[in-house]
Every structure is written in C-alpha cells, then in structure tokens.
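Worksheet for the structure shown next.
Proteins come first, then strands; the chains are lettered A, B, ... in the order of their sequence lines, and each starts at number 1.
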2 protein chains.
Amino acid sequence: MTPPRLLDENALQEREQTIITVAITLIQRLGIENLTMDKVVAQVPFSKGTVYKHFIGKEDLLLAISNHAIKVLSDLFSRAYLFKGCSRERMLLLNFSYLIYAILYPELFQSVICAKSQSVIGKASEQRLNENDELGVELLTAIHGIVNDGLADDSLTLPEYMNVQQLSFANWSIAYGAIALLSGEVESCSGRTDLIVERELFNHSNLLFDGMGWKPLTKDKKHCTELTIALQSLFPQELALMKEKGRQLNFS
Amino acid sequence: MTPPRLLDENALQEREQTIITVAITLIQRLGIENLTMDKVVAQVPFSKGTVYKHFIGKEDLLLAISNHAIKVLSDLFSRAYLFKGCSRERMLLLNFSYLIYAILYPELFQSVICAKSQSVIGKASEQRLNENDELGVELLTAIHGIVNDGLADDSLTLPEYMNVQQLSFANWSIAYGAIALLSGEVESCSGRTDLIVERELFNHSNLLFDGMGWKPLTKDKKHCTELTIALQSLFPQELALMKEKGRQLNFS
DNA sequence: AATAATAGTGACGAAGCGTCACTGACGATT
DNA sequence: AATCGTCAGTGACGCTTCGTCACTATTATT
C-alpha cells in the first residue's frame with residue numbers, strides 16, 4: 001500500500017515560517033524572557049502538538065529564530081561586500097551594517113546571542129544546528145572576501161603571525177564587542193556614560209585597521225564623511241526606518 | 001518596647017555567602033541553565049522561605065553571583081594594574097587576567113554575562129543593582145588607571161577625537177569580544193577552526209595598541225616573551241591551576 | 001463503505017517559582 | 001510564672017510553563 005501524501009513540503013515550510021514570525025513578534029512585544037510556547041500556540045492557527053511537530057522544543061524554536069536572524073544580517077553583509085569602494089571602507093561599512101542590524105532589529109540580535117548559550121544549543125535539533133553552522137560560515141565569507149580583496153590590491157598586508165581567518169575574526173570580534181556592550185537597552189556596561197555606540201564602533205574599527213596598517217590610514221584620510229555617504233547609498237531604507245524610530249547615526 | 005534583636009548582621013552575611021557558594025557549585029555541576037531554587041534550597045541548611053529572605057527571586061540570586069564574580073575579577077585586575085612595568089605591557093596583562101579568569105572560572109564568567117540580560121536586571125533588587133554598578137566602576141578604574149599612566153609617561157597620546165574613557169572602553173571591548181566569542185565551551189562562533197583564544201587576544205590587543213600608537217610598538221618590540229614572564233610572576237597560582245586542568249596559554 | 005496511515009488536538013503530568021499562613025523561640029511585661 | 005508581642009523560619013500550595021501522548025479527524029486506497 002502507498003502511504004498517503006497529505007502534506008506538501010511547501011505548506012510545511014510556510015507554516016514553520018508563520019510560527020517563527022509570530023514568535024518574533026511576541027519577543028518584540030514581551031521580551032525574549034517572556035516568550036512561552038503557550039503564547040506562541042495561542043497566536044497561531046494550530047495546536048501545540050502541531051507546533052511541536054516543527055520544533056522539538058522551545059530551544060529549537062529559538063535557534064530557528066536565530067537562523068532567520070542570521071539570514072537577515074547576511075543580506076546586509078553582502079551589500080557591504082558588494083559596495084564599490086576601497087576594501088577598508090567596505091569593511092567599515094560591514095561593521096556598520098552589523099550595527100544597523102542591531103539597532104533596527106534588537107530582538108533578532110538578542111535572539112542570536114541568546115541562541116549561542118549552551119542551554120539552547122544543547123536542546124536544539126541536529127538539523128537546525130547544522131543550518132546554524134552553515135549560516136555562520138556564510139557570514140564569515142563576506143568578511144573573508146573583503147580581507148582578501150585588501151590583500152589582493154596591497155592596501156593590506158598580513159602581519160607575519162596572522163592569517164586571513166585571524167584577521168577576519170579580529171574584525172568580527174571588535175564589532176561584536178562594541179555592539180554587544182553598548183547597543184540596545186541591555187544595561188551591559190556600567191560606567192558607560194557618554195559612550196555612543198556608533199562613534200565607538202567607528203573609532204575601534206579605525207584603530208584596529210590602523211594597527212593592521214590597512215590603507216588608507218586615518219592620518220592620511222578621514223573616513224568620516226565617506227562613511228556617511230556610503231551608508232546613505234547602501235542602506236537608504238534601513239536608515240529611513242531608523243529615523244522613524246528617532247535614531248540617527250552620529251560619529252563626529 | 002525594644003524590638004528584640006535576634007539576628008546579628010554577621011551571621012546574615014555568612015548565610016548569604018553560603019547560599020551563593022552552593023549556587024555556584026550547582027552551576028559548575030549542572031550548568032547555569034539548570035540552576036533552580038529548589039535545588040539550591042535542597043543543598044542548603046535552611047528552608048525556601050529563608051533563602052527568599054535574602055534574595056527576592058532567582059534573578060536576584062544570579063545577580064548576587066555576578067557581583068561575587070566581579071569581585072574575583074577585580075582582584076586579578078588590580079594585580080595587573082599594580083605590576084611594575086610599562087603601561088602597554090600592564091594593559092596587555094590586564095587583558096590576559098581577564099582571559100585567565102574566563103578559563104579558570106567559566107561559570108563565573110558566564111554568570112556575569114547572563115546577569116546583564118534584561119530578564120535578570122528587571123527582576124533583581126535595587127540594592128543588588130547598585131552594588132553591581134559600583135563593582136562595574138571599580139573594574140573600569142583599573143583600566144582607566146593604566147591608560148592614564150600611559151598618557152602621563154607619554155608612551156600613549158590621546159587620538160584627537162577620543163578621551164580616556166573611550167580609550168579604556170576600546171580595550172575592554174576588544175578583550176570582551178575575543179573572550180566571549182572564543183573562550184569556554186560556548187559554541188559561539190562557527191567557522192572558528194584554528195582560532196586560539198589566547199593568541200587572538202594577544203593579536204587583537206597588539207593591533208589595537210599599535211593603532212593607538214601605544215609605545216613600544218610591535219615593530220620595535222615583540223611583547224611575547226615579556227608577557228610570558230610577567231604572567232608567571234603575577235599569576236603563578238592561577239597558571240598552576242590551569243595546568244592542573246590541562247590548559248596552558250600558548251601565543252606564538 | 002472499509003481500511004490504513006498520517007495530521008492534528010488539547011488535557012495532563014512534571015517541574016519550577018514564589019507566597020503565605022503557620023510554628024516556635026525569645027525577650028518584655030505584668 | 002504566665003502572658004504577650006515580635007520576628008526568624010518553614011514547607012505546602014497555587015500558579016505557570018513545558019512537552020507528551022492517547023485520542024480524534026482527515027484523506028487516499030481498495
């Protein structure tokens with residue numbers, strides 16, 4: 001006997017996306033700490049059992065949200081990667097695309113961070129973890145690409161004891177540090193009076209790039225107005241959205 | 001009538017410390033995600049009600065643990081601050097003291113990060129939040145101090161658009177980024193093959209310091225052996241403990 | 001119509017959090 | 001010595017959340 005095929009793959013995907021979207025909305029409204037499966041189920045046109053067909057548990061759903069979030073970020077990264085400009089400028093743009101993302105979608109940014117914790121990873125499905133890995137690699141690809149371009153046109157030289165991966169990671173790491181500590185309503189860093197996340201990200205990036213000898217150095221060229229223009233051309237919609245939120249980037 | 005004084009302040013403090021210690025042990029054993037008040041109560045010689053006299057909720061206990069953790073870190077920081085050496089070397093040492101801390105006490109490191117989240121902050125007691133602020137400032141004091149020493153002896157000059165606080169924060173931020181992404185068993189950063197936290201921390205720190213123009217620059221002096229020696233003299237016990245754990249620092 | 005296999009449901013058990021009505025101990029008062 | 005008032009301490013209980021599973025509904029095949 002042939003087992004009846006009642007569910008098409010497409011509808012399944014769609015339903016999964018519905019659940020994820022609802023969950024993200026709930027996180028926006030109530031905060032990630034108040035997300036419960038019961039609330040998700042209540043907001044969704046199917047029952048608990050069905051939701052649990054898609055996600056083996058709350059943590060699996062969280063990781064799915066994180067994966068969705070990484071896809072959104074990935075899009076911003078690739079725009080920075082494809083920008084026509086010198087490599088150093090593009091890397092700075094990439095860092096700022098990360099910032100824009102963190103400001104515009106704080107709930108997504110938070111989900112990704114939250115999903116890194118052992119408590120989530122330990123309970124998510126194998127498949128979703130694999131997807132997470134792939135997406136992570138995809139993100140790094142953009143960074144690697146820019147570093148490689150810098151090496152190719154000689155505006156950047158590898159320090160003797162560092163390879164491309166390490167340089168790329170250094171960039172990711174400093175952007176992550178500044179944004180995680182300063183962005184959002186997270187009371188992350190006491191004594192952080194007068195610290196403005198976009199300004200610090202700008203400064204940290206330039207200090208790092210100067211330290212790498214990534215040309216043009218700050219002493220030869222102020223990257224400030226250039227960045228403003230590039231951001232405007234690359235992320236017009238996003239900046240407009242931020243303006244609506246009453247948030248404008250300001251690095252003087 | 002005189003209200004009977006039956007409880008002395010000292011015993012209260014001691015009891016609170018007992019609870020905190022037990023909770024930390026539980027976190028070590030079971031992971032922070034599996035810490036429950038019931039388990040703490042079961043391990044402690046007094047009842048739930050009494051525990052809740054000290055901590056208004058689970059989150060309050062978590063913040064108390066975080067505060068304890070910061071005190072431990074503070075001690076390491078001040079040792080780095082008091083080291084006899086040039087300012088740049090001391091700042092590098094401070095960053096490494098942070099790393100040692102993260103490796104030696106991963107549960108404390110994790111508690112601090114965890115306690116930054118809105119879900120914890122929002123439910124902790126006012127008093128404990130104040131203590132947290134003070135401790136945070138204390139931490140930054142050591143960093144500020146080293147930066148100021150660097151400025152005083154002219155090995156470091158403020159970039160025109162940055163002040164002491166910003167420079168200090170830059171250092172904190174890059175150390176945080178590297179350690180948070182690479183240290184511990186947190187599956188934080190996919191595609192992180194071949195990244196070794198101590199080596200990357202070493203590199204990021206030096207790139208940043210070079211970018212700041214903090215003398216002596218890497219091109220004039222390899223800071224590698226110097227760091228090894230200083231670490232051995234400042235943190236002999238800690239390094240020995242790490243060795244016991246089968247973990248040695250390796251930045252080549 | 002009967003059957004078989006899958007899709008979907010929601011009541012329920014387990015576990016965790018935090019409360020509150022109660023117990024008991026001790027000093028003060030009579 | 002008896003009574004009272006106050007406060008430390010207790011743990012059973014109510015509430016919420018998670019995730020399961022026995023059951024119902026739906027659809028394709030015979």
request  = Could you check whether A:F46 gets within reach of a base, just the sugar-phosphate, or nothing at all, counting any heavy atom under 4.0 Å?
outcome  =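 Since only primed, P, OP1 and OP2 atoms lie under 4.0 Å of A:F46, the category is sugar-phosphate.
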task = With sequence neighbours excluded, tell me which residues meet side chain to side chain contact (heavy atoms under 4.5 Å, CB included) with B:E138.
result =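 Per chain and number, B:E138 pairs via side chain to side chain contact (heavy atoms under 4.5 Å, CB included) with B:S74, B:L135.
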Under the side chain to side chain contact (heavy atoms under 4.5 Å, CB included) test, residues paired with A:T141 that sit two or more places apart =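 Side chain to side chain contact (heavy atoms under 4.5 Å, CB included) check on A:T141 returns A:V137.
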[X] (side chain) donor-acceptor with [Y] (main chain) under 3.5 angstrom:
{"X": "B:N132", "Y": "B:R128", "value": "no"}
{"X": "A:E198", "Y": "A:N250", "value": "yes"}
{"X": "B:R79", "Y": "B:F235", "value": "no"}
{"X": "A:S66", "Y": "A:L62", "value": "no"}

Rounded interatomic separation in angstrom, taking [atom1] from [X] and [atom2] from [N]:
{"X": "A:E33", "N": "D:dT17", "atom1": "CD", "atom2": "C1'", "value": "15 Å"}
{"X": "A:K53", "N": "C:dT9", "atom1": "NZ", "atom2": "P", "value": "10 Å"}
{"X": "B:K39", "N": "D:dG11", "atom1": "NZ", "atom2": "P", "value": "20 Å"}
{"X": "B:K48", "N": "C:dA15", "atom1": "NZ", "atom2": "C1'", "value": "10 Å"}
{"X": "B:M37", "N": "D:dA12", "atom1": "CE", "atom2": "C1'", "value": "17 Å"}

ask   = What residues form a ring pair (Phe, Tyr, Trp, His ring centres under 6.0 Å) with A:F109, not counting sequence neighbours?
value =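 For A:F109 the ring pair (Phe, Tyr, Trp, His ring centres under 6.0 Å) partners, ignoring immediate neighbours, are A:Y98.
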inquiry  = From C-beta outward on B:R15, which listed nucleotide comes closest to its side chain: C:dG8, D:dG19, D:dA8?
reply    =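 Nearest listed nucleotide: D:dA8.
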inquiry  = Can you identify which nucleotide, out of D:dT20, C:dG18, D:dG9, has its nearest atom closest to the A:Y52 side chain?
reply    =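 Comparing D:dT20, C:dG18, D:dG9 against the side chain of A:Y52, the answer is D:dT20.
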query = DNA chain D: A:G49 or A:D38, which has the more 5' nearest nucleotide?
reply =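 Looking at the nearest nucleotide for each, A:D38 comes out on the 5' side.
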key: Positions of residues 54-67 of chain B (non-hydrogen atom under 4.0 Å from DNA chain C), listed by number   =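 Residues of residues 54-67 of chain B under 4.0 Å from DNA chain C: B:G57, B:K58, B:E59.
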query = Given D:dT10, is OP1 or OP2 found less than 4.0 Å from the side-chain N or O atoms of B:T50?
reply =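 True: B:T50 side-chain N/O within range (under 4.0 Å) of D:dT10 OP1/OP2.
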ask   = Just how large is the angle between the end axes of the helix from C:dA1-D:dT30 to C:dT30-D:dA1, five pairs per end, to 10 degrees?
value =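 Helix axis angle between the two ends: 30°.
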ask   = In Å, rounded to the nearest 0.5 Å, how long is the span from CG of A:D60 to OH of A:Y52?
value =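 Those atoms lie 10.5 Å apart.
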key: Within residues 32-44 of chain B or reaching into it, pairs that qualify as side-chain hydrogen bond (donor to acceptor under 3.5 Å, both in side chains) - sequence neighbours excluded   =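 For residues 32-44 of chain B, and leaving out neighbouring residues, the side-chain hydrogen bond (donor to acceptor under 3.5 Å, both in side chains) pairs sorted by first residue read B:D38-B:K48.
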